[in-house]
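Notes to accompany the following structure.
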Amino acid sequence: MKKFIYADNAATTPVSQPVLEAMLPYLEGEYGNPSSIYEKGRRALAAIEEARRQVADALHCKPREIYFTGCGSEADNWAIKGAAMALYKKGKKHVITTVFEHHAVLHTTQKLEKLGMEVTYLPVDENGLLTAEDVKAAIRPDTALVSIMYANNEIGTVLPIAEIGAVCRQAGVLFHTDAVQAVGNVEIDVQAQNIDMLSLSAHKFHGPKGVGALYIRSGVRIENFLDGGGQEGGHRAGTENVASIVGMGRAIELACAPGAIAKKRDHLVPLRDKIIAETLKLPHTRLNGHPTQRLPGTINISFEGVEGESLLLMLDLAGIAASSGSACTSGSLDPSHVLLSLGLSHDVAHGSLRLSLAEDITAEDADYIISSIPPVIERLRAMSPLWEKIVKEEQAGA
Ligand SMILES: *Cc1c(COP(=O)(O)O)cnc(C)c1O
């Protein structure tokens, strides 16, 4: 059989068998509408309330603080637009975020700017980090919201969320975090970390696509994003996607079960670091993202003189599914805004590779990845005018 290693888990993950099994009854006989009062409806309602408890347990909050959404992007949109709309009326028209958020956040804040709000885009350092002090310095009397991602989807850097949460709480400013990449990879406690709103998405932790959730701390009032029926306490209309919600509940329960995150970290970090160390032995390469404060399975490396798309196609031929920049921007020729935010040149950003590993990766798989990359890089560089230039310049300088 042809070798196949799926190393693009930051883009999406496969639905696990127990998650599929939890969902199937709700795609078959249990088709009741959770709003219906007869037994079949009540069973569907009970299933989504069980999922709400499972999500709440994973985040250390109350079930009634969890609202189901259609995806992670919707949760981000709702948190930011809902908070902005609620607070604009009170004269608060300033939002703080970072330059390297997911587009679900960046395109939302750009929309707010068009509507007359002011947005501060905090820069990040060469490792993709910023400090709580940076956030504190940017807060103004009219700041409505701070929205800073928990972990970056392209480079894997994990931000100091508890410290940022503390600064926002002290200043009395709402704090939202896009934790789509963090759930199941790092321990999250919304209370201890002073998080007011948190977005997550099931398909990033072995749940189905097209379902997410927004945690909204009780007492925080934001405007509805989707108006209509009375679902989700009257705050998010639309008949619930019962099967997917059930799947998300089971998936988060498994991903965040006691010991699961530590076990995943212990398995992945040595393999991640071995792939990084071996690959960086190639000349003119650099690791993107913080060397240690990073997600356990996320690797991002730039290869000078290499074009990312060609690299992906050649790795695909070798049976390795990976990505360059982010899946959302592939297909466009603009280099990733995340890599540019670290100070990389356009050329270097173009030649980047993201490998995102899941718990099922074996040591043999890691060795296969390690041995597959150098010949591909050598072949691509051999036909690259850019690489020729780099070598010539180096010889001239030497
Ligand atoms: C995947 C992702 C999203 C979007 O989630 P969807 O459910 O695909 O809409 C948002 N933010 C980050 C950081 C992501 O990785």
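Just follow the structure's listing: the first ligand is 1, and inside any ligand the first atom is 1. On a predicted model such as this, the values are computed, not experimentally measured, just so you know.
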Sub-3.5 Å N/O-N/O distance, Gly72 and ligand 1 | yes
Is there any N or O on Gln181 that sits under 3.5 Å from an N or O of ligand 1?
->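 The answer is yes, given that Gln181 and ligand 1 share an N or O pair closer than 3.5 Å.
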Between His176 and Ser199: side-chain donor-acceptor atoms closer than 3.5 Å |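 Result is yes, a qualifying pair exists.
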Does a donor on one side chain sit under 3.5 Å from an acceptor on the other, for Tyr67 and Gln231?
-> no
If you have a sec, work out which protein heavy atom is nearest atom 3 (C) of ligand 1 and how many Å separate them, to one decimal?
-> His102 NE2, 3.5 Å
Name the closest protein heavy atom to atom 11 (N) of ligand 1, giving the residue it belongs to and the distance to 0.1 Å.
->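 Going atom by atom, the protein heavy atom closest to atom 11 (N) of ligand 1 ends up being Asp178 OD2, 2.7 Å.
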Sub-4.0 Å atoms of ligand 1 with respect to non-hydrogen atoms of [X]:
X      : answer
Lys204 : 1 (C), 2 (C), 3 (C), 14 (C), 15 (O)
Ser73  : 4 (C), 5 (O), 6 (P), 9 (O)
His203 : 6 (P), 7 (O), 8 (O)

Find out whether the Lys NZ or Arg CZ of Lys40 is both under 6.0 angstrom from the six-membered ring centre of Tyr31 and within 45° of the ring's axis.
->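 Yes.
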Kindly state whether the ring of His235 and the ring of Trp78 have centres lying under 6.0 angstrom apart.
-> no
Could you tell me how the ring of Tyr6 sits relative to the ring of Phe4: parallel (under 30°), tilted (30 to 60°) or perpendicular (over 60°)?
->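 Tyr6 vs Phe4 ring planes: tilted.
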Looking only at heavy atoms, is any part of Ser201 under 4.0 Å from ligand 1, and if so is it the side chain, the backbone, or both, or is it neither?
->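 For Ser201, the contact with ligand 1 is made by the side chain alone.
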Residue pairs, two or more places apart or on separate chains, that pass side chain to side chain donor-acceptor pair (under 3.5 Å) and touch residues 181-190 =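 Residue pairs passing side chain to side chain donor-acceptor pair (under 3.5 Å), neighbours aside: Asn185-Lys264.
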